[in-house]
A.B. asks: 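Below you will find the structure I want to go over with you.
One-based numbering along the sequence shown. Each ligand, and each atom within it, is numbered from 1 in the order the structure gives. Everything numeric here is computed off the predicted structure, so don't read it as measured data.
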Amino acid sequence: MVAVDLGGTRMKCGLVAADGAVLHRETRPTPREAGGRAVLDALLETVVELSQKATADGHRVRAIGVVVPGVIDAESGTVGAENLEWVGTPVRAELETAIGDGVPIVLAHDVRAGGYAELRQGALTGTTNSMFLPLGTGIAAAMVIDGSLVSGDGWAGELGHTRFVHGDAAEQCACGQWGCLETVASAAALARRYGARTGRTVDGAREVLELLAAGDPDAAHVWDDALRALIDALVLYTTLVAPTRIAIGGGLVGAGETLLQPLRDGIHARLTFQREPEIVAAVLGEDAGCLGAAVMAWDRVTTDESGDQTV
Ligand SMILES: [Zn+2]
């Protein structure tokens, strides 16, 4: 199948076989600066060209999976995605027109697709109650509850837009609310808050983590704010959903145990009666969205019985 992930700075695209093997992968620019129509045209062109490549390589395209950082209306196949400038954009209808009849199209939210991949073949394998929480430019959760990935008609999992910072310390979030988890604990927030505090421009969260390791007190301050809000969020989720495992992903998990151990300690100290989850790093990295779209699409397609190799 053809998989395209629009969740990152560049489109991640691939051809994925029924067994999850990635037969081809590439990245392409996402022309956000040219507006929503240009992004959609780039997606259509990518899907058509990858389908042609699959055919030329002797495969049969059985499904198209597209991962988007936005709200998908499952009924209409329209997508709202602020950072792609899509508002009620008829992505499924446009793909159907471009590809022709008969090929199933699966649209999936980027974080839920990533969570599905982690559930099926990554850090959440074997769990029935768990969460995938990538801490990247933004924060959203893929929630696995009683064995199912919860989509809430496309609206579920927005833990990043829950208020965990109160009083004067609360900053306004891109979503319009104040004090959201994302305003202190995303990778983007760490860099922004360090810059605001010191007047210095840093090269993303990576540099803040380097400063933290070097003993920089301002880095420690913004890091502690992030940890405090994350612990609050994970305790809330643990109390509501009782996960056995939480997999942290996204750019910040590059901090490794510097991030994970304080989270474990903080949660352990806070819980009283609740079931304590394991806190682990996600394992699929940047491929998670594409793989998740592929697995979701393959789930919809009956496995080819004739033995000819299909993508
Ligand atoms: Zn928000």
Side-chain angles (χ1 to χ4, degrees), residues 5-9 30 32 36 67-73 78-89 108-115 131-143 145 149-197 202 204-205 208 221-241 243 246-253 255 259 263 266-267 282 288-289:
D5 180 357
L6 287 161
T9 49
T30 306
R32 288 192 180 85
V67 175
V68 294
V71 175
I72 299 155
D73 185 317
T78 58
V79 178
E82 199 177 309
N83 71 3
L84 302 178
E85 293 188 25
W86 286 356
V87 181
T89 301
H109 180 266
D110 58 344
V111 173
R112 274 192 294 282
M131 173 167 69
F132 168 54
L133 187 69
L135 308 174
T137 309
I139 298 177
M143 308 188 296
I145 299 181
L149 189 68
V150 175
S151 84
D153 302 320
W155 297 86
E158 299 290 354
L159 190 60
H161 298 288
T162 303
R163 184 166 194 169
F164 292 103
V165 183
H166 298 273
D168 292 343
E171 298 170 44
Q172 190 167 27
C173 182
C175 78
Q177 300 181 97
W178 289 79
C180 292
L181 178 64
E182 194 170 294
T183 65
V184 286
S186 65
L190 271 189
R192 177 178 48 75
R193 296 189 79 238
Y194 184 85
R197 194 177 165 82
V202 288
V208 178
H221 186 93
V222 296
W223 183 247
D224 287 346
D225 285 349
L227 286 175
R228 194 175 312 116
L230 278 170
I231 290 164
D232 281 346
L234 296 179
V235 167
L236 173 68
Y237 188 79
T238 297
T239 306
L240 289 176
V241 176
I246 293 171
I248 310 287
L252 273 198
V253 84
L259 171 67
L263 292 180
I267 292 163

A.B. asks: Side chains of L230 and I248: closer than 4.5 Å at any heavy-atom pair?
C.D. replies: no

A.B. asks: Applying salt bridge (Lys or Arg N to Asp or Glu O under 4.0 Å), which residue pairs with at least one partner in residues 175-188 are found, sequence neighbours left out?
C.D. replies: none

A.B. asks: I'd like to check V79 versus D73 (side-chain heavy atoms, cut-off strictly below 4.5 Å). Are they in contact?
C.D. replies: no

A.B. asks: Could you grab the protein N, O or S atoms closer than 2.8 Å to the Zn ion (ligand 1) for me?
C.D. replies: H161 ND1, C173 SG, C175 SG, C180 SG

A.B. asks: Do Y237 and L133 have side chains that get closer than 4.5 Å, going by heavy atoms?
C.D. replies: no

A.B. asks: Among all residues two or more places apart in sequence or in another chain, which pass the side-chain contact (heavy atoms from CB on, under 4.5 Å) test with Q177?
C.D. replies: H161, C175, C180

A.B. asks: For residues 132-142, pull every pair meeting salt bridge (Lys or Arg N to Asp or Glu O under 4.0 Å), keeping only residues two or more places apart or in separate chains.
C.D. replies: none

